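A short write-up of the structure that comes next.
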Amino acid sequence: MPTFELGGTIAGLDEGFVDVSNGLDSMRLNANPNGLALDEPFRFDTRLPAGVGYDVWIFNDPQG
């Protein structure tokens, strides 16, 4: 059965951080240290089987 990576991009984060989670996978995405609000791509470690549903949660509002 094929598996797929799950990820995305956080855009406009110029300070602070956000925590994102998908089930047991979670990570912290930090703002660019230069305050440039660059897009921050992310990819969860766990690959998902085809046809499985998923939710991605943002656990905190970024500062600013």
Side-chain angles (χ1 to χ4, degrees):
M1 176 183 289
T3 59
F4 298 91
E5 294 178 340
L6 177 63
T9 302
I10 300 293
L13 184 62
D14 59 356
E15 64 180 46
F17 61 88
V18 294
D19 293 319
V20 295
S21 176
N22 177 38
L24 298 177
D25 263 350
S26 62
M27 67 185 67
R28 176 164 287 181
L29 302 172
N30 293 304
N32 183 292
N34 298 322
L36 300 178
L38 299 176
D39 294 351
E40 179 68 26
F42 66 93
R43 182 176 60 217
F44 291 107
D45 291 332
T46 303
R47 295 177 65 92
L48 300 176
V52 169
Y54 61 89
D55 290 312
V56 176
W57 296 91
I58 297 176
F59 279 100
N60 61 309
D61 290 328
Q63 298 171 354

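Here the structure is a predicted model, which is why all the values come from computation and not from measurement. Residue indices begin at 1 and follow the sequence shown. Side-chain atoms are counted along with the backbone in the values below, which use heavy atoms only and exclude waters and symmetry mates.
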| Shared hydrophobic cluster for Phe44 and Phe4 (ILVMFWY, side-chain gaps under 4.5 Å) |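 In one cluster: no.
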| Contact summary for Phe42 and Thr9, nearest pair of heavy atoms |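 Answer, listing the atom of Phe42 first, then Thr9: CE2-N, 3.7 Å.
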| query | In chain order, what residues pass the ring pair (Phe, Tyr, Trp, His ring centres under 6.0 Å) check against Tyr54, with sequence neighbours excluded? | reply |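 Once residues adjacent in sequence are excluded, Tyr54 has no partner under the ring pair (Phe, Tyr, Trp, His ring centres under 6.0 Å) criterion.
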| task | Would you give the length of the straight line joining atom CG of Asp45 to atom CG of Leu6, rounded to the nearest 0.5 angstrom? | result |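 Going from the CG atom of Asp45 to the CG atom of Leu6 covers 11.5 Å.
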Side-chain polar contacts of residues 46-53 - donor-acceptor pairs under 3.5 angstrom, sequence neighbours left out - could you list them?
from  : atom 1 : to    : atom 2 : distance (Å)
Thr46 : OG1    : Asp25 : OD1    : 3.3
Thr46 : OG1    : Asp25 : OD2    : 3.0
Arg47 : NE     : Thr3  : OG1    : 2.9
Arg47 : NH1    : Glu5  : OE2    : 3.3
Arg47 : NH2    : Thr3  : O      : 2.9

